Number of protein chains: 2
Amino acid sequence: MKGLILLQWKPNRTIHLSLHDQIYNWISARIQQGEWTIGTKLPSQRKLSEMLEVNRSTVIQVLDELKANGIVESKLGGGTYVSNNSWNRLLNHEQPNWHKHIHASIHEPNFHTIQLINEHEQDPSMIRLGTGELSPDLLPTALLEHSLQTISLHARDIGYSEPKGSKKLRVALSEYLQKRGIHASPESILIVSGALQALQLISLGILEQRSNVFQEPPSYLNSIHPFQSAGMRVISVSIEQQLKKTLKALKGKKQSLFYTVPTLNNPTGRILSIEERRALLEICTSLHIPIIEDDVYHELAFEDAPPSLKSMDQSGQVLYIGSVSKTLSPGLRIGWVVAPEPVINRLADIKMQTDYGSSAFSQQIVTHWLTSSLYESHVGRLRQQLQKRAAFVETILTKDFGQIAAWEKPKGGFYIWLRFNEPIVHKALFQQLIKQKVLINPGYIYDPKDFHHIRLSYAYATLEELKEGLHILVKAINGVLDKN
Amino acid sequence: MKGLILLQWKPNRTIHLSLHDQIYNWISARIQQGEWTIGTKLPSQRKLSEMLEVNRSTVIQVLDELKANGIVESKLGGGTYVSNNSWNRLLNHEQPNWHKHIHASIHEPNFHTIQLINEHEQDPSMIRLGTGELSPDLLPTALLEHSLQTISLHARDIGYSEPKGSKKLRVALSEYLQKRGIHASPESILIVSGALQALQLISLGILEQRSNVFQEPPSYLNSIHPFQSAGMRVISVSIEQQLKKTLKALKGKKQSLFYTVPTLNNPTGRILSIEERRALLEICTSLHIPIIEDDVYHELAFEDAPPSLKSMDQSGQVLYIGSVSKTLSPGLRIGWVVAPEPVINRLADIKMQTDYGSSAFSQQIVTHWLTSSLYESHVGRLRQQLQKRAAFVETILTKDFGQIAAWEKPKGGFYIWLRFNEPIVHKALFQQLIKQKVLINPGYIYDPKDFHHIRLSYAYATLEELKEGLHILVKAINGVLDKN
């Protein structure tokens, strides 16, 4: 659980009631109205005083009074919690023990480090060195706003959508993918709410429980849970050596899939060569292991990347995933899957049972961008801007990190997979940096045994922030190295 | 599987190649490119000739040639399938057996009748007497288009959203719900992609496997699968008699939830009285059975409905679900959950793992409608229009159905739960009506033992279609009754 973040309310200094009483009443009301249930951890004294913009002493007095009245309680190890008894004290009602419900339920929570990242990303004073997202400066906000004015709505387009998504968008995508050598009829395309949903649908729709999902380490898949939560075994295999033998032995008689990001891998930024692609496709085909090709960074290669696996796929072996989240706007929540038609029909059926389709408005906007020249000219400009940002960060790395770390020149996308010579990227470093208002994506969220790397993103923070954040980072690292 | 619907391609009559050869090549290419995999059922001869706009004899010749070449095969019981052998014939490649993958996987497919409904809804010549959706005429398309022009985008609003959804929208909802007596801070609201996703998240996030989900029969829950697919036991209980005793016995030691649509129930249209609401809330509270209150039809009551369970909930017992799909536009895909904050935090965490949030554009549109007078004045007009449509249908029912069926005067929403005196609503009737281009929602999709009812919707079809469709319906029913 994330605890109680993002409080809105503040006491009103212009009314008669004292700050103390206002805060006491407000906390009681949260508990009484069932928003903060038994066992809920209250924000820390420091945090409450910041949020409510009152002195810490006021907060302490209120908490003491709540404790004296049996409404909250302190626990060993720190923290103030809504007490078991709070109800009797406040209202004499019974309330469900939600924490018990949550702990027994099916879906795995996000890793704690990832929850912390999600949480601290809400703090505008954080310098975000790891965020896999376009900076607000790089989003075509004005052009998107303008395009909203030119879109004409038809009533039939804003009802529930067809199971596979807007036909106009699927026709547009069929033509767009054709230019990249992927032959996909509109019937073999499913519109989804981003690439992550595609993985979720695949895990629910075409795999039996305890299937194998192979991936190369380090992998984006380790930082998300669609397969794990559905009961799949996620297994890391290196694609460099004896892949066929390894896969054959690991597969046994189980259904299996191979997940790969062949172009601009997340987190490493690597691009598989044409030979590596051919070999991977051939091995998986001969072993009957379908491939999930996650190709969301494809358009962001600084020079032409080799053709996608899907364009080389003659046998319906590859499930191909694309998205506009990395290129146009993540807020649109539009991605797509290309796969054999029976697979698409199946995934569409599950999508209809999950959310009845993706936003018709978002689909209409993406259709407009793909069918005009807007999308391609925007992506061209974006690549140039990302390349400039990459060069800016590389200059700083060369100057300040040359003695302690190594990296490859980025070939596109958002990331530099920065490797420190010493294994120093532990959770303690991550948390120390948060205190210094710098947020990193440590390597261990992509490979639990990796304490050498961080995924550095040059896409999100401003240039000044990148400069300052890297400065704080190198000082923190040198501090740890000095201690060792 | 739905089979291969929605073909786009048609042979080109202006080029040199014969229709026969074009169609042969096109089908071969679908198979060769892996879109139609081994075991895929081809559309019927009749359907192919309709879709491709060629004579049936041409289709038969092409299929015969494909069969002779071992690419497709006929099966006992009818139908033409991509043959096991097709690959060797076409390409000498191996392809995955997708059907095996799909059949072994986790998620349940939709019921066959519901798949047929989804499929035939794509046919514009169908009269849709059951569709639970606003008619295109009732959607505020022009106002929505106009509002797109007045929305100003900010870069921060179109990136990935906060885990709980747009803060502006949650603040607007907090105020909107306050008017209906529901006190919910923005932190205890989660934005979801429609009410169905809310159910999906609840089933994954706060229930252990094999928990009980209680519902009143007949129930919308029987027509969708979010709980069943997550391994929950869905149990029908009548709320009329000895509810407490029944629930207590059925619950045993299992975690349980009670799902209810207290205002304008789907499919029955029933509104629980204030006494029934109080009793239900009290019983569930005393048995520690949280309630899911699905309140998506609330705004469509022709006269004020009693207060929601959530507004009477003093102990965080009720998970409240709302949506704009039934009032503004299903294409927006925007709904919300109101619940105790730990529950909302948990559901937000899972939502982030599922699809990284709902469309920022849709959220912005809904915020604009809620914070201006647009939403409330539109809903006011909509209620009047629905009331007129209900009266129109009632007049026809009184005239033509009075001898064979009974119903209650609708109190709002979309539906009349039409009860035939005889148990004649079987799948055969459903399928016969499809042939006559009339699509109904038979009662058995809401209660497998119910062959008396259909869910009649006065919200979707035009008035002429309603008239014609009901005419065809009554003739079909009388035909069945005459035979019995």
Side-chain angles (χ1 to χ4, degrees), chain A residues 2 6 8 33-35 37 40 93 95-96 98 101-102 104-107 110 136 139 141 145 148-149 153 155-156 158-160 183 186-188 193-194 197 200 204-208 225 288 290 314-316 329-331 333 340-343 345-346 349-350 353-356 359-362, chain B residues 1-2 8 33-35 37 40 93 95-96 98 101-102 104-107 110 136 139 141 145 148-149 153 155-156 158-160 183 186-188 193-194 197 200 204-208 225 288 290 314-316 329-331 333 340-343 345-346 349-350 353-356 359-362:
Chain A
K2 274 182 182 171
L6 300 175
Q8 304 281 314
Q33 288 168 17
E35 290 181 15
T37 47
T40 300
H93 262 286
Q95 74 175 159
W98 286 114
H101 268 276
I102 289 167
S105 67
I106 296 169
H107 209 286
N110 255 322
L139 295 173
T141 313
E145 186 176 301
L148 289 182
Q149 292 163 20
L153 292 182
R156 301 231 167 243
I158 60 171
Y160 287 104
H183 309 289
E187 294 76 40
S188 59
S193 301
Q197 188 180 51
Q200 186 89 5
L204 291 175
I206 57 170
L207 285 174
E208 60 188 358
H225 288 158
H288 299 278
Q314 294 289 322
S315 58
S329 150
R333 308 305 315 121
E341 204 170 320
V343 174
N345 290 344
R346 166 68 173 165
D349 186 43
I350 300 174
Q353 295 184 57
T354 306
D355 62 9
Y356 284 131
S359 164
F361 292 81
S362 289
Chain B
M1 293 308 310
K2 274 182 179 171
Q8 304 281 311
Q33 289 169 16
E35 289 181 17
T37 48
T40 300
H93 263 285
Q95 73 174 162
W98 286 115
H101 268 275
I102 289 167
S105 67
I106 296 169
H107 209 286
N110 255 321
L139 295 173
T141 312
E145 186 177 303
L148 288 183
Q149 292 163 20
L153 290 182
R156 301 231 167 243
I158 60 172
Y160 287 104
H183 308 288
E187 293 76 41
S188 58
S193 301
Q197 188 180 52
Q200 186 90 3
L204 291 175
I206 56 170
L207 285 173
E208 61 187 358
H225 288 159
H288 299 277
Q314 295 288 323
S315 59
S329 150
R333 309 305 313 120
E341 204 169 321
V343 174
N345 290 342
R346 166 68 173 166
D349 185 44
I350 301 173
Q353 295 184 58
T354 305
D355 63 8
Y356 283 130
S359 165
F361 292 81
S362 289

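Everything quoted here is computed from the prediction, not taken from an experiment. In what follows, every heavy atom counts, from backbone to side chain, and hydrogens, waters and symmetry copies are set aside. Here is how names work: the chains are called A, B, and so on, in the same order as the sequence lines, proteins then strands, and each is numbered from 1.
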Between A:A155, A:G159, A:G331, the one whose heavy-atom pairs under 4.5 Å with chain B are most numerous: A:G331

The criterion is side chain to side chain contact (heavy atoms under 4.5 Å, CB included); which residues satisfy it with A:S188, sequence neighbours excluded? A:A184, A:S185, B:E35

Looking only at non-hydrogen atoms, find the nearest pair between B:S362 and A:S359 and report the distance. OG-OG, 2.7 Å

Please check this pair: side chain of B:Q200 against backbone of A:T354, looking for a donor-acceptor N/O pair closer than 3.5 Å. no

For the atom pair OG (A:S193) and CZ (B:R333), what is the distance rounded to the nearest 0.5 Å? 9.0 Å

Can you find a pair of side-chain heavy atoms, one from A:L153 and one from B:L148, that are under 4.5 Å apart? yes

With no hydrogens and no angle check, is any side-chain donor or acceptor of A:S329 less than 3.5 Å from a backbone partner on B:I158? yes

